[in-house]
Amino acid sequence: MAVDLGNRIVVLIDMDCFFCQVETRLKPEYAGKPLAVVQYNLWRTGGIIAVNYEAREFGVTRHMRGEEAREKCPHIILAVVPGSRGKADTSRYRSAGREVIDVLKKHCTMVERASVDEAYLDITQIVDDQLAKKEFDPAVVEELKTTYVIGHSECNVNNEEQRRKGLEEWIAEAAEDIQIQRLAIAGRFVEFLRQEIKETTTFNCSAGISFNKILAKLACGLHKPQKQTILPASSVSKLFGSLPVKKVRNLGGKLGDMVIDALGCHVMSDLLQYSLQDLQSRFDRKTGHWLYHIARGIDNEPVTPRLVSKSIGACKRFPGKQTIVKVETLRHWLGELSSEISERLEQDFEENERKATSLTVSFHYIQNKKVISQSRAFALTTYKQEKIAEMSINAVLKVTQDLPISFLGVSAGKFIKSRGSENLKKFFKPSSSLNNLQGSEKEDVNNFIDEHVELIKKLKTQITNSNSSNENNSETSKNVSIPIEQSSNSQFCSTSLKINDKFSPYKYESATVFNETVMEKKNEPKSNISFFVSNNAMLKLQEIFPDLDDIDLDVLHMLPMQLQDEAKKFLKVKGIKNLSEDINILKQKLSNSKACEKQEVKLVAKSGRGRPPKCKLVVSNYSNPQTDIQHFFIKTGTNNKAENFKKCLQCHQLILTNKFEEHNDYHVAQNVQLEMNSLLASDERRKRKLSDETFDQFS
DNA sequence: CATGGGCAAGCA
DNA sequence: TGCTTGCCC
């Protein structure tokens, strides 16, 4: 029978025993041997946080101490998480996780980083495009070399014969079933992705392929490691007939216990007997609604494109005898935690061009033998370690006085884009490095300014006009842009500024020497400001001149030769007439989008091979993707009629027809933003040291 | 004496 | 904003 779970194809990519793989890449001699990763190793040989599959054979699991693991498996290797500032530091795994994300984002625009080693992908468009382009060929079965299909082989067993037989049995029905075709094409694509990950990072992973996040996640876990699993809609009911409630994402904790205890539901299909009203009365409205639908395999949570985390934090527990009782000790640890996040925030600023604006200090203290958890949040105006530490210490002491402290955490979040506007002025204004420039360089810069000052003023006027129609003082805004090019193989020509850490707004006071950061072209001479030329990026003139009415000559003097050349090229091909046309289109777009609150107009230089570059305008934004996009979605429980909705081809959500255009703008903007981020980040990473890492084959 | 460190999101 | 829950390794 036909089971409709919607038209999305959602994938979860999940690295196999990730921390173990990272350690094995560093020390290839670990390959093939039982291995666990522990945090700390003084007390009972540390706590195990990851176990490889060789060690699992011996019954070693997480939640064990290193000691216990040694009892079960005497030859086990216990790799210790690096220690820094007196605490475990997991940055090694975070950057390894980024490598994986970098591979994924090359092949898919809708990637949501769900954890350090997991990502959800919405590949609906990719699959349907492929299927539209080329008729389905059952021979794809030959490319599904590590694919299992639920309902056609036993779960939790990796048996090649069974796998192959089940797969062929399933594919045999493909001719009459478009959903089989779609999933098979998806499977082939995911095989490809996993192979790409393997080749570029050495890491193995598993994947789940289905119609939504919950099912993809579920499927992924059923044939680990190094396998991928397709969960067709028609197999859901059978699977749920024996699937323990707690195996489903979000039901692994207290809610799952409540479902079991209050309803006596032990497997998912037990939930089917309850009506929506039943569930909503026993739980809250939202939870009841979710339970009712998830019991039927329905989950509408969209894959929200996001490659970076929303917060950066560091914390440490001080259990038992280690509880902090002296102010001195408190100062020490908050100093260490502040130091770590300060460093990580600076790095994040480099990689992601954003600034955290909020700092939250969390702490647990003990009063009357009870642990009390509290947190305090502040505006974050500096990344200076001393300031962060001072704020944190004051906040904690104010509450705890002399009470013992068992936990400390510092976390920064509420990021805003740091490009453009006043932040750059801050970097440059106090700079004394102008003196470091050679005479000829100065001259070049001055010529550049003279040549283009009129043009810049005109641009400024246009930009201001465009912005004034949408004045709003909200600090968040929305990304709205005009598509630059649909075809994927078209060439773009662009230049973008990249500020390295010495330019951080929080460090500029002490920055007198500027490091060079040249991306893409490795042998370029050193310069004060880094930049890159890419074949598919965009020129962002306003980043160079954030406030065109208030150009600080010192700023312009600092422009490197390469940038000047690029800028000249750009400005020569740039015509005001062209620009004003684009601004008109832009204005029209903006007036349609009431969610757009604060715009920044940027120039995008586009050039095809053998034809002159052309300019387009892009309005870029500072926004929170979730909150913005969700306002377009259907509110469940409202009585909207089907004809009022239109389906979005990008995220496959039903959108209110009258919001559709706005919604679409969102995606366009998001894609541009993602592209920019990805370019900046990958170039940044390329220059980062990888020397201590080895790329030998993982077992 | 004790998995620990780390993320995201929901709720009031 | 502060607190809790859930999940990852």
Side-chain angles (χ1 to χ4, degrees), chain A residues 12 14-23 36-52 61-69 79-85 87-94 96-97 112-120 213 217 220-221 246 248-258 284-287 290 301 304 306 308-323 337 340-341 344 358-364 366 371-379 395 399 404 406-414 624 626-627 630:
Chain A
L12 177 74
D14 186 327
M15 308 310 291
D16 302 323
C17 56
F18 188 50
F19 288 15
C20 289
Q21 288 202 71
V22 173
E23 294 301 326
V37 174
V38 295
Q39 268 180 147
Y40 309 107
N41 59 2
L42 295 179
W43 192 76
R44 306 233 292 161
T45 339
I48 293 176
I49 54 173
V51 186
N52 77 355
T61 65
R62 258 180 317 184
H63 308 294
M64 268 180 192
R65 288 285 165 186
E67 275 179 357
E68 306 169 60
V80 186
V81 174
S84 176
R85 302 183 179 88
K87 63 183 281 296
D89 178 6
T90 53
S91 52
R92 173 184 293 175
Y93 313 109
R94 270 192 301 273
E112 177 178 340
R113 190 177 187 175
S115 78
V116 68
D117 80 317
E118 279 183 328
Y120 288 98
K213 284 184 174 181
K217 168 84 181 163
C220 182
K246 300 203 76 170
V248 172
R249 195 171 113 111
N250 292 335
L251 291 176
K254 296 187 179 184
L255 178 58
D257 289 332
M258 284 174 66
D284 60 64
R285 214 191 92 256
K286 209 180 158 215
T287 306
W290 184 80
E301 188 186 316
T304 312
R306 183 173 51 77
V308 294
S309 63
K310 292 179 169 182
S311 65
I312 290 175
C315 62
K316 180 165 172 54
R317 302 168 67 100
F318 303 93
K321 212 172 126 184
Q322 294 183 48
T323 48
L337 294 174
E340 181 182 332
I341 72 153
R344 285 172 55 195
S358 166
L359 182 78
T360 303
V361 183
S362 308
F363 48 95
H364 298 179
I366 295 159
V371 178
I372 299 171
S373 309
Q374 284 197 6
S375 67
R376 294 288 183 272
F378 315 93
V399 175
S406 62
F407 172 88
L408 289 172
V410 181
S411 174
K414 293 196 196 302
N624 179 341
Q626 266 83 355
T627 49
Q630 255 142 34

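Fair warning: this is a prediction, and the values are worked out from it, not measured in the lab. No hydrogens, no waters, no symmetry mates; every other heavy atom, side chains included, goes into these values. Protein chains get the first letters and strands the later ones, always in sequence-line order, with residue 1 at the start of each.
When only modelled atom types and interatomic distance are considered, A:Gln21 and A:Tyr93 share no side-chain donor-acceptor pair under 3.5 Å.
Across all strands shown, A:Tyr40 has heavy atoms under 4.0 Å from sugar-phosphate atoms exclusively, and none from any base. When heavy atoms are screened at a 4.0 angstrom cut-off, A:Ile312 is found touching the sugar-phosphate backbone but no base atom. Among the heavy atoms of the strands, none lies under 4.0 Å from A:Arg44. Within 4.0 Å (heavy atoms only), A:Lys246 reaches no atom of the nucleic acid at all. Using a 4.0 Å heavy-atom cutoff across all strands shown, A:Ala114 reaches no nucleic acid atom at all.
The nucleotide whose nearest atom lies closest to any side-chain atom of A:Arg344 is, among B:dG6, B:dA9, B:dC11, B:dG6. Distance from the side chain of A:Glu340 is smallest to B:dG6 among B:dG6, C:dG2, B:dC1. When distances run from any side-chain atom of A:Ala377 to the nucleotides C:dT1, C:dC9, B:dC11, the shortest one goes to C:dT1. Out of C:dT5, C:dC8, B:dG5, the shortest distance to the side chain of A:Asp117 is found at C:dC8. You'll find that the side chain of A:Asn250 is closest to C:dC7, out of C:dC9, C:dT5, C:dC7. When each of B:dG6, C:dT4, C:dC9 is scored by its nearest atom to the side-chain atoms of A:Ser373, the top-ranked nucleotide is C:dT4. Considering only the side chain of A:Arg65, B:dT3 comes nearest among B:dT3, B:dC7, C:dC8. Ranking C:dG2, C:dT5, B:dC7 by closeness to the A:Arg376 side chain, first place goes to C:dG2.
One atom, CZ of A:Arg113, and another, P of B:dG6, lie 14 Å apart when rounded to the nearest Å.
Contact annotation: A:Ser311 reaches the phosphate of B:dA8 (side-chain N/O to OP1 or OP2, under 4.0 Å). At the phosphate of B:dG6, neither OP1 nor OP2 sits under 4.0 Å from any side-chain N or O atom of A:Lys310.
Shown here is A:Arg317, whose CZ atom has no more than 12 heavy atoms of other residues, nucleotides or ligands within 6.0 Å.
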